[in-house]
Amino acid sequence: MLQPEGIFVVCENWLNDKRAYDGAKIAGLDIVSVWPVMGRVGKPEPLFAVYVMRKQSESYQDITDVQNKDKIVRDPLIVRGEDGKWTEQYAEVMKAMSIPVV
């Protein structure tokens with residue numbers, strides 16, 4: 001059970017972006033941040049996104065509306081550069097999770 005001040009984080013296929021917003025609303029959650037993840041530079045759209053949610057509250061109520069997505073969607077995390085190697089940004093994410101960067 002989610003505590004009143006708790007957060008819920010989920011990854012979802014980018015093709016299901018609208019479904020994530022709809023599901024959050026049905027579950028009584030507000031999406032407070034979305035981090036799209038691109039597989040590599042040059043792809044037309046993300047593979048998936050990380051959605052951060054919390055219980056609905058008056059202070060966040062209007063931002064879950066799909067019309068206000070620009071307020072909560074971060075710039076995408078790009079995993080691989082044009083050379084096929086991990087980007088520096090992705091390497092930093094890996095380091096933050098204590099995963100060795102090879």
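Here the structure is a predicted model, which means the values were calculated and not measured. Because only heavy atoms are used, hydrogens play no part in the values below, and waters and symmetry mates are left out as well, while side chains stay in.
Note: Trp35 CH2 to Arg74 CZ = 4.5 Å, rounded to the nearest 0.5 Å. Taken from CZ in Phe8 to CD1 in Ile31, the straight-line distance is 10.5 Å, to the nearest 0.5 Å. In this structure, the separation between NZ on Lys55 and CG on Leu29 is 8.5 Å, given to the nearest 0.5 Å.
Residues that satisfy the salt bridge (Lys or Arg N to Asp or Glu O under 4.0 Å) test with Glu92, not counting sequence neighbours, are Lys95. Applying the ring-ring contact (aromatic ring centres under 6.0 Å, His included) criterion to Tyr90, with sequence neighbours excluded, gives Trp86. Judged as a salt bridge (Lys or Arg N to Asp or Glu O under 4.0 Å), and not counting sequence neighbours, Lys43 has no contacts. Val102 pairs by the side chain to side chain contact (heavy atoms under 4.5 Å, CB included) definition with nothing, not counting sequence neighbours. Under the side chain to side chain donor-acceptor pair (under 3.5 Å) criterion, Glu5 pairs with Arg54, sequence neighbours left out.
Inter-residue side-chain proximity for Val79 and Leu47 is flagged as unmet; no heavy-atom pair is nearer than 4.5 Å. The closest side-chain heavy-atom distance from Cys11 to Val50 is below 4.5 Å. The shortest distance between side-chain heavy atoms of Tyr51 and Asp17 falls below 4.5 Å.
Evaluated for a side chain to side chain contact (heavy atoms under 4.5 Å, CB included) with Met53, the options Val9, Val10, Leu2 yield exactly one hit, Val10.
Around the CZ atom of Arg40, the shell of radius 6.0 Å holds no more than 12 heavy atoms that belong to other residues, nucleotides or ligands.
Here Ile78 sits in one hydrophobic cluster together with Met38, Val41; the rule is ILVMFWY side chains under 4.5 Å apart, joined directly or through other members.
Under the 4.5 Å side-chain contact rule for hydrophobic residues, Val34 and Ile26 do not share a cluster.
Listed for the Asn13 side chain is a donor-acceptor partner under 3.5 Å among the backbone atoms of Leu15.
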